[in-house]
Amino acid sequence: NAGVTQTPKFRVLKTGQSMTLLCAQDMNHEYMYWYRQDPGMGLRLIHYSVGEGTTAKGEVPDGYNVSRLKKQNFLLGLESAAPSQTSVYFCASTGTSGSPYNEQFFGPGTRLTVL
Amino acid sequence: KQEVTQIPAALSVPEGENLVLNCSFTDSAIYNLQWFRQDPGKGLTSLLLIQSSQREQTSGRLNASLDKSSGRSTLYIAASQPGDSATYLCALILTGGGNKLTFGTGTQLKVEL
């Protein structure tokens with residue numbers, strides 16, 4: 001079991017460029033999440049998905065889009081990157097069965113810098 | 001809106017000491033509470049999860065308690081070691097849809113030799 005993996009680990013973008021972050025999980029989890037972590041702000045939820053083909057907005061969704069075409073993958077897109085999107089991005093997943101259910105598992109993170 | 005606070009923000013203790021980290025929240029309608037550790041430059045590692053119907057959970061030298069009525073959770077670390085040095089985060093899932101986590105501000109722990 002690889003758990004939750006994220007691609008890429010690091011990326012530097014110029015303002016206005018676009019990119020997609022990929023999250024994959026091999027635990028057959030229904031729920032997947034994208035968070036960003038910033039100094040002094042803690043972890044904040046960007047978007048989440050409760051199942052294949054469904055997505056919903058979190059606390060800070062502006063400037064981001066997501067897609068969940070396959071149960072195991074959750075993509076986070078930045079259409080036109082801005083310096084304010086410089087952050088560390090974490091993906092997480094959780095299931096609704098097993099014990100302890102609802103425990104969230106996190107990926108290693110993607111460190112993104114927008115110049 | 002649920003607010004989650006962790007005090008202290010930073011803590012330094014000598015090796016071998018027992019210690020308690022605190023997590024306070026404003027909304028008692030929680031589904032469960034999860035404690036994580038985060039090493040510098042790394043992701044989050046789940047330590048313990050307490051469901052709303054439980055009062056505590058134990059794993060090795062760690063014990064987490066939950067008191068919904070007072071809006072508090074504590075993480076007790078026994079016989080601390082330098083390898084315990086990390087940032088500890090508590091996070092809540094409120095009742096309702098999505099199983100979304102609301103994170104605390106974190107406590108940065110340093111265990112010195």
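Each chain gets a letter, A, B and so on, in the order the sequences are listed, and its residues count up from 1. Every value quoted in this text rests on a predicted model; they were computed, and no experiment measured them.
Other residues, nucleotides and ligands place more than 12 heavy atoms under 6.0 Å from the CD atom of B/Glu15. Within 6.0 Å of the CD atom in B/Gln81, the count of heavy atoms belonging to other residues, nucleotides or ligands exceeds 12. Within 6.0 Å of CZ in B/Arg72 there are 12 or fewer heavy atoms belonging to other residues, nucleotides or ligands. Atom CE of A/Met41 is surrounded by 12 or fewer heavy atoms from other residues, nucleotides or ligands within 6.0 Å. Within 6.0 Å of the CD atom in B/Gln108, the count of heavy atoms belonging to other residues, nucleotides or ligands does not exceed 12.
Clustering ILVMFWY residues whenever any of their side-chain heavy atoms sit less than 4.5 angstrom apart, transitively, puts A/Val88 in the very cluster that holds A/Tyr33. One hydrophobic cluster, built from ILVMFWY side chains closer than 4.5 Å, holds both B/Phe25 and B/Leu75.
Counting heavy atoms from C-beta on, the side chains of A/Gln37 and B/Gln38 come closer than 4.5 Å. Looking only at side-chain heavy atoms (C-beta outward), B/Lys42 and A/Phe106 stay at 4.5 Å or farther from each other. Contact annotation: the side chain of B/Leu101 approaches that of A/Tyr35 to within less than 4.5 Å [non-hydrogen atoms, C-beta and beyond]. Using a 4.5 Å heavy-atom threshold, the side chains of A/Leu43 and B/Leu89 count as touching.
One finds the OH atom of A/Tyr48 at 3.5 Å from the NZ atom of B/Lys100 (value rounded to the nearest 0.5 Å). Remark: B/Leu48 CG to A/Glu103 CD distance equals 9.0 Å, nearest 0.5 Å.
Looking at A/Arg44, there are no atoms closer than 4.5 Å to chain B (heavy atoms on both sides), in backbone or side chain. A/Glu59 touches chain B through its side chain: at least one heavy atom from C-beta onward sits under 4.5 Å away, while N, CA, C and O do not.
A donor-acceptor pair under 3.5 Å is formed between the side chain of A/Gln104 and the backbone N or O of B/Asn99.
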